[in-house]
Amino acid sequence: MDLTREEEAILNGEEGEGMQKAMELVTALGKIYGAEDLIDITSAHLSGASYKTIGDGGLKYLEDMAAGGAKVSVPSTLNPVGMDRGRWEEMHISKEFAEKQLRIIDLYGQMGIRTTCSCTPYTGANVPSYGDHIAWAESSALSFANSYIGARTNREGGPGALAAAILGKTANYGLHLDEKRKPTVVIDAEIDGSVFSYSLLGQAVGMAIGSGVPYFRGLSPDTGVEEAKALSSAMAASGSVALWHAEGVTPEAGGFDVSGLDTIHIGEKELKAAYDKLNTVEDVQLIAIGCPHLTEKEMHQIAAFLKGKKKVNRDVEIWFCTSEEVRAKCPEDVRVMEEFGPVLADTCMVVAPIEGTFQRTGTNSAKAGNYLPTLCSQKALCRDIPVLMELVM
């Protein structure tokens, strides 16, 4: 790789052990993927925040990085952790887990990372601009940033994103390059326009293409943040889609000629197959909503739907997951929602150790529907929110 004199000095250890380790990792990744050089980034978003997912090995790695004086050099945020920091006992979390989780958060904080702990940093804590080069590791967030915003990032791993955050640089390959952002397949989409239909659409597309850069036709020009995050998260979980374009919706869509690409139709039949794939059980012990985290708009909508209703079935727990920032902005919504279950901040059912308490979980998210069986040993029920709520009202 073509490194500058300053970058060579970092690699040689002249700026300290933490910077050196970061440069070693970023350049190693660059060589693997054929990068010619490094590129400056404006922000980072880190995964590997839950004790459930990184364990004692990850904790030791963070201890070593912090002890080595590692500090991030660009604005950096953190993914959801394994518990609500103030309400972990309500989540059936052990004291040992809680202590180690809090230590992980503290270590990231020592390195200068904002411990906002959300999978939707683009709703307020970390908002890139069109054309920005960034290093993000949360699969749904990076797909949203690439696609709906038009920033540029590869699908970073947790250690790689941390290393890039420390350096303020990442390897210049993949989706940082113009030629890698071109569509590879056209998706002719036929959906009803609900957020849940966008989630099913993402599931169906991920199942159909696996990877690549889909170009959507047929999406509403009013496709907003909530729809885009549902679509992004589902395609990232059911496949490995990190960038998509949509005619009349995303900022780069107008710059491509897609006339020679294959077209895949996604309609009622394909959506039904996606739905069937996600549903493996009919009764649940937990309903978990907010994967990715609920936005202010979604909090308002859920509270409006629940207002005046009563939870009758006390055998089913309900969790609503959002960021601390959003929860603090919606006190009246929280009051209404907590008649049904806790509004948990900075955590998520997927990275929480729910398998110790539950075996059957309901969700409105195709992303969660994919990860609950594999990461949490759950049988999953995937329905739109009003249908899920019928189970308890």
Side-chain angles (χ1 to χ4, degrees), residues 33-36 122 128 130-134 136 139-156 172-278 366-367 370:
Y33 292 107
E36 295 183 359
Y122 49 80
Y130 176 83
D132 280 357
H133 293 274
I134 58 178
W136 283 23
S139 61
S140 66
L142 68 89
S143 179
F144 182 98
N146 267 326
S147 311
Y148 198 72
I149 295 174
R152 298 188 172 206
T153 179
N154 290 311
R155 191 167 179 162
E156 300 276 4
N172 189 17
Y173 70 94
L175 296 177
H176 292 285
L177 307 174
D178 289 345
E179 60 266 26
K180 298 297 185 180
R181 299 179 68 84
K182 296 177 181 179
T184 58
V185 61
V186 173
I187 305 295
D188 179 16
E190 187 180 344
I191 58 174
D192 65 22
S194 66
V195 172
F196 187 64
S197 72
Y198 276 81
S199 193
L200 286 182
L201 173 61
Q203 176 72 22
V205 171
M207 290 167 57
I209 70 171
S211 60
V213 182
Y215 181 98
F216 288 90
R217 288 177 172 152
L219 298 188
S220 168
D222 296 325
T223 297
V225 169
E226 290 71 25
E227 292 83 7
K229 80 178 175 73
L231 180 62
S232 296
S233 63
M235 285 192 291
S238 63
S240 57
V241 174
L243 167 64
W244 51 274
H245 304 288
E247 207 166 66
V249 175
T250 58
E252 295 176 71
F256 302 109
D257 177 10
V258 297
S259 58
L261 298 179
D262 291 339
T263 298
I264 297 175
H265 178 263
I266 303 292
E268 184 176 351
K269 177 184 175 182
E270 293 75 19
L271 296 176
K272 178 63 165 56
Y275 178 90
D276 290 342
K277 172 75 172 177
L278 294 167
K367 174 186 177 180
N370 280 280

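Throughout, residue positions are numbered sequentially from 1 according to the sequence presented.
Considering only residues two or more places apart in sequence or on other chains, D276 meets the salt bridge (charged side-chain N to carboxylate O under 4.0 Å, His left out) condition with K272. Scanning for ring pair (Phe, Tyr, Trp, His ring centres under 6.0 Å) contacts around Y122 gives F144, with sequence neighbours left out. Listed by chain and number, the residues in a side-chain hydrogen bond (donor to acceptor under 3.5 Å, both in side chains) with Y275 are R383 (sequence neighbours excluded). Judged as a salt bridge (charged side-chain N to carboxylate O under 4.0 Å, His left out), and not counting sequence neighbours, D192 has no contacts. Legend: residues meeting side-chain contact (heavy atoms from CB on, under 4.5 Å) with A234, ordered by chain and number and at least two apart, are S199, A366. Evaluation of the side-chain hydrogen bond (donor to acceptor under 3.5 Å, both in side chains) rule for E36 yields no partner, not counting sequence neighbours. For R155, there are no side-chain hydrogen bond (donor to acceptor under 3.5 Å, both in side chains) partners two or more places apart in sequence or in a different chain. With sequence neighbours left out, the ring pair (Phe, Tyr, Trp, His ring centres under 6.0 Å) criterion links F196 to no other residue. E252 meets the salt bridge (charged side-chain N to carboxylate O under 4.0 Å, His left out) test with R181; sequence neighbours excluded. Partners of N154 by side-chain hydrogen bond (donor to acceptor under 3.5 Å, both in side chains), not counting sequence neighbours: none found.
For residues 220-235, the set of pairs meeting the side-chain hydrogen bond (donor to acceptor under 3.5 Å, both in side chains) definition, not counting sequence neighbours, comprises Y198-T223, E226-T295, K229-E298, S232-W244. For residues 248-272, every residue pair satisfying the ring-ring contact (aromatic ring centres under 6.0 Å, His included) rule, not counting sequence neighbours, is listed here: H245-F256.
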